[in-house]
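Just so it is clear: chains get the letters A, B, ... in the order the sequence lines come, proteins before strands, and each one is counted from 1.
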There are 2 protein chains.
Amino acid sequence: MDSAEHASAPAGIINPLEERLGYQLRRASTVMQADLTKALSGLSLRPHEASALLLIEKNPGITQSEIGRSLGIKRANMAPIAAMLSNRHLVERSRFDGRSQGLRLSPEGEALAHTVHKRMNVHEARFLPELSPSERVALTSAIAKVWADED
Amino acid sequence: MDSAEHASAPAGIINPLEERLGYQLRRASTVMQADLTKALSGLSLRPHEASALLLIEKNPGITQSEIGRSLGIKRANMAPIAAMLSNRHLVERSRFDGRSQGLRLSPEGEALAHTVHKRMNVHEARFLPELSPSERVALTSAIAKVWADED
DNA sequence: TATTGTTATACTCTATAACTATA
DNA sequence: TATAGTTATAGAGTATAACAATA
């Protein structure tokens with residue numbers, strides 16, 4: 001069957017990475033990303049596409065480049081994401097200035113965004129079982145400070 | 001030149017992802033991973049290879065599969081990492097039971113591990129400028145709890 | 001039957017370079 | 001000169017399936 005791959009940490013092994021912030025961030029991020037992918041299953045949306053959808057929802061008229069700068073996705077990597085959302089008629093592109101286009105959700109896009117919000121809420125709640133809302137905010141903003149400088 | 005790609009968040013744009021734990025983890029993890037890659041430059045070691053090296057250092061005789069389970073790397077993806085460390089004579093493989101091999105560092109591997117520790121310390125310190133040691137531990141273990149269940 | 005190590009393969013995300021066209 | 005959008009391409013990391021050898 002070949003399953004039950006990695007459980008967390010075999011007994012008797014000393015993991016010197018466990019005290020490293022970067023390591024903990026990678027492990028936590030990977031687990032949550034995998035869970036988000038499952039949470040979005042059936043919607044044909046990858047995590048980045050879902051994120052872009054929600055950003056357009058809250059910022060109608062936003063351009064691809066602005067989305068990329070907001071989410072940390074390079075302009076070159078935004079192109080196929082925007083093209084996919086447009087091809088599926090989830091977003092509409094309106095010429096803005098000849099070289100850039102404003103994006104906004106279509107009615108189908110709005111409906112899908114609502115579904116994404118609901119799935120994301122359930123997804124996130126799975127990882128915050130013992131944290132109060134204020135503790136959750138504290139943790140989230142502490143992590144935000146880690147990369148705020150962008151170095 | 002085409003540089004200065006993404007700064008953090010353009011003004012006037014509302015980012016609804018900012019309060020999401022999964023999003024913050026991804027951004028922070030990506031930034032730290034990129035910085036670690038730079039910190040290791042010249043050593044011809046990718047982050048995963050460096051992690052495996054440090055795990056072998058602290059657990060001489062460990063097998064590839066155990067490394068994978070400890071670090072969250074699938075057995076199939078450990079094979080090329082172990083082969084690379086072995087080909088560069090950084091680790092020695094000693095038959096353990098016919099189907100598995102115990103790994104331990106060679107003198108060159110030990111020396112490289114020391115360098116990795118030093119570079120990693122500098123790297124991590126860059127992201128913890130305003131946290132006290134106890135706050136750092138608190139943040140790291142809070143993140144550890146996020147993925148402890150493994151879901 | 002289960003585990004170790006391995007190969008092949010595919011997907012997601014990230015990154016750079018280079019090009020067109022607009023500003 | 002700089003920016004927007006695009007294409008091509010490469011490199012990480014992650015995932016599954018399948019196989020041989022061993023336990």
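Counting heavy atoms of neighbouring residues, nucleotides and ligands inside a 6.0 Å radius, atom NZ of A/Lys118 does not exceed 12 of them.
For the pair A/Ile73 CD1 and C/dT16 P, the interatomic distance rounds to 15 Å; values are reported in whole Å. Between the P atom of D/dA17 and the NZ atom of B/Lys74 lies a distance of 11 Å, rounded to the nearest Å. Summarising the geometry, the separation between CZ on A/Arg75 and P on D/dA8 is reported as 16 Å, rounded to the nearest angstrom. Rounded to whole Å, atom P of D/dG13 lies 16 Å from atom CG of A/Leu25. Across the protein-nucleic acid pair, B/Ile62 atom CD1 and C/dG5 atom C1' stand 15 Å apart, rounded to whole Å. Rounding to whole angstrom units, CG of residue A/Leu85 and P of D/dG5 are separated by 14 Å. Between B/Phe96 atom CZ and C/dT3 atom P there is a gap of 16 Å when expressed in whole angstrom units. Going from atom CD of B/Gln101 over to atom C1' of D/dT22 covers 12 Å, rounded to whole Å.
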Can you name the atoms? Protein N/O to nucleotides 10-13 of chain C N/O, anything below 3.5 Å, with the distance.
unit_1, atom_1, unit_2, atom_2, d
C/dT12, OP2, A/Arg46, NH1, 2.9

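With DNA chain D read from its 5' end, the first of the two nearest nucleotides for A/Met78 and A/Ala34 is the one closest to A/Met78. Projected onto DNA chain D by closest heavy-atom contact, B/Asn77 and A/Thr63 fall at different nucleotides, the more 5' of which corresponds to A/Thr63.
OP1 or OP2 of D/dG5 lies within a sub-4.0 Å distance of a side-chain N or O belonging to A/Ser65. Between A/Arg69 and the phosphate of D/dA4, there is a side-chain N or O to OP1/OP2 separation shorter than 4.0 Å.
Checked for salt-bridge contact, A/Arg69 and A/Glu66 miss the test: no charged N lies under 4.0 Å from a carboxylate O.
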Walk me through whether A/Leu139 and A/Glu135 qualify under side-chain contact (heavy atoms from CB on, under 4.5 Å). CA-CA 6 Å; A/Leu139 176 59; A/Glu135 286 174 320; over 6 Å; no
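The base of D/dG5 is not paired with the side chain of A/Arg99 by any donor and acceptor separated by under 3.5 Å.
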With a 3.5 Å cut-off and sequence neighbours excluded, list the donor-acceptor pairs that the side chains of residues 76-91 of chain B form with protein atoms.
unit_1, atom_1, unit_2, atom_2, d
B/Asn87, ND2, B/Ala83, O, 3.2
B/Arg88, NH1, B/Ser44, O, 2.6
B/Arg88, NH2, B/Leu43, O, 3.1

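Nucleic acid contact class of A/Arg93 (heavy atoms, under 4.0 Å, all strands): sugar-phosphate only.
Side-chain contact, A/Ser132 with A/Ser134: a donor N or O sits under 3.5 Å from an acceptor N or O. With no hydrogens or angles considered, a side-chain donor-acceptor pair links A/Glu57 and A/His117 at under 3.5 Å.
Closest to the side chain of B/Ala76, out of D/dT7, C/dT6, D/dT14, is C/dT6. In the set D/dG5, C/dT6, D/dT14, the nucleotide with an atom closest to the side chain of B/Ala79 is C/dT6.
The hydrophobic cluster containing B/Ile13 also contains A/Leu54, counting ILVMFWY residues as joined when their side-chain heavy atoms lie under 4.5 angstrom apart, directly or transitively.
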